[in-house]
Amino acid sequence: MLHRRHFLKMGTLGVSSLPFLSMASRKQPAGNKPIVISTWNEGIAANKAAWEILGKGGRALDAVEAGVRVTEDSINCCVGLGANPDRDGHVTLDASIMDEHGNCGSVAFLERIKHPISVARRVMEKTPHVMLVGEGAQRFAVAEGFPLEADKLSADAEASYKEWLKKSEYKPVVNIENTGHGPFAPARLSNGDLNHDTIGMVALDAAGNFGGSCTTSGMGFKMRGRLGDSPIIGAGLFVDNEVGAATSSGLGEEVIKVCGTHLVVELMRQGYSPEKACKLAVERIVKRNKGNVKDIQVGFLAINKAGEYGAFAIQKGFTYAVCTGENKNEMVASKYFI
Ligand code: SD4
């Protein structure tokens, strides 16, 4: 890896003289603005809702909130109240949001509230805090007018939970999509299994400002009270308006240990393309695990200030949706380490 001091010295030679930069930028798609990208297949519908705002010159923050609300709404999906419960049978939700000014809000271990992303936004805008959890987060949500939903599992989640209870084996394996269901398998497979539980979205608006959101039910059958990366600023989501924005999906514990999305954004600040920055962050996780990552999936997704985007994952199967226009919303398979 290029040493930062060396990089700064080379900076005076001009960006085009850096081989890693010119190679990376050749591989990158041309810059776009506005643009919204988000994780997994659910990203297509979410991007569509985000584009309704971005396409009219709206703010990235509004777009990323509206986008992932679509996913939170879909009852048999991976995210929101229709998702798999913790091992005690309750769905607990985590979400975070960040704007172009570096403001951020998050909620975690939130129960019975349909739109944790909007509660996270209220935490950001209406409290002096960044993060609210559990009962306090729920109380705040209710006081803000969010309805308290029934403590009831969706039909698919209930079936999956009953199946899981047969062995009650606590072995979280997340997002390893080598299930023979093709590269763009749905979140909830036909056998009821859940492929992934999160949507992360980052957007650059027409004014050149970023916004980011991330919302999840965490990992199915997790220990009660467990939090992953998604509600943690700098782990599951990070936005720096001078540089870019990044989000992640996968085994949150691994993302937290390297401050994953903050790392990706800082690598972009050093001049790396979004894809290369995501790759280096993945390699940091691989190195920390001494190469033993066959049971771990993590994928990062990023946009830089020029509207270039990229992703990288540990394993094959990480996919994301890219939207740069009303009729330009498509799935891309991420490059991967293994
Ligand atoms: C977590 N990162 O709670 C989330 C899980 C995930 O698709 O991404 N699932 O660790």
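Note that the structure is predicted; figures quoted are calculated from it, not measured. Below, all heavy atoms of this structure are taken into account, side chains as well, without hydrogens, waters or symmetry copies. Counting starts at 1 for both ligands and their atoms, in listed order.
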* **Check: Asp229/Ser248 side-chain N/O donor and acceptor closer than 3.5 Å** => yes
* Identify the heavy atoms of Val36 and Ala50 that sit nearest to each other, and give their distance. => CG2-CB, 4.0 Å
* Asked: Does Arg226 approach ligand 1 within less than 4.0 angstrom via side chain, backbone, both or neither, non-hydrogen atoms only?
  -> side chain
* Asked: Checking salt bridge (Lys or Arg N to Asp or Glu O under 4.0 Å) for the pair Lys114/Glu72: CA distance, chi angles, key distance, verdict?
  -> CA-CA 7 Å; Lys114 200 172 189 180; Glu72 288 177 342; over 6 Å; no
* Asked: Would Glu266 and Arg269 count as a salt bridge (Lys or Arg N to Asp or Glu O under 4.0 Å) if you check the C-alpha gap in whole Å, the side-chain angles of each, and the deciding distance to 0.1 Å?
  -> CA-CA 5 Å; Glu266 288 306 301; Arg269 192 193 305 281; 2.8 Å; yes
* To do: Could you name the option among Pro231, Gly299, Gly250, Gly252 that has the heavy atom nearest to atom 5 (C) of ligand 1?
  => Gly250
* Shortest reach to atom 8 (O) of ligand 1 by a heavy atom, considering only Gly260, Ser248, Ser217, Ser249 -> Ser249
Atoms of ligand 1, numbered as shown, that sit under 4.0 Å from any heavy atom of [X]:
{"X": "Asp229", "result": "1 (C), 2 (N), 4 (C), 10 (O)"}
{"X": "Gly228", "result": "3 (O), 10 (O)"}
{"X": "Gly218", "result": "3 (O)"}

* Structure fact -> Which of Leu93, Val142, Leu110 passes side chain to side chain contact (heavy atoms under 4.5 Å, CB included) with Val119? It is Leu110
* To do: For the residue pair Phe300 and Ser334, establish whether any side-chain heavy-atom pair is separated by less than 4.5 Å.
  => no
* Please say whether Asp197 places an N or O atom under 3.5 Å from an N or O atom belonging to ligand 1. => yes
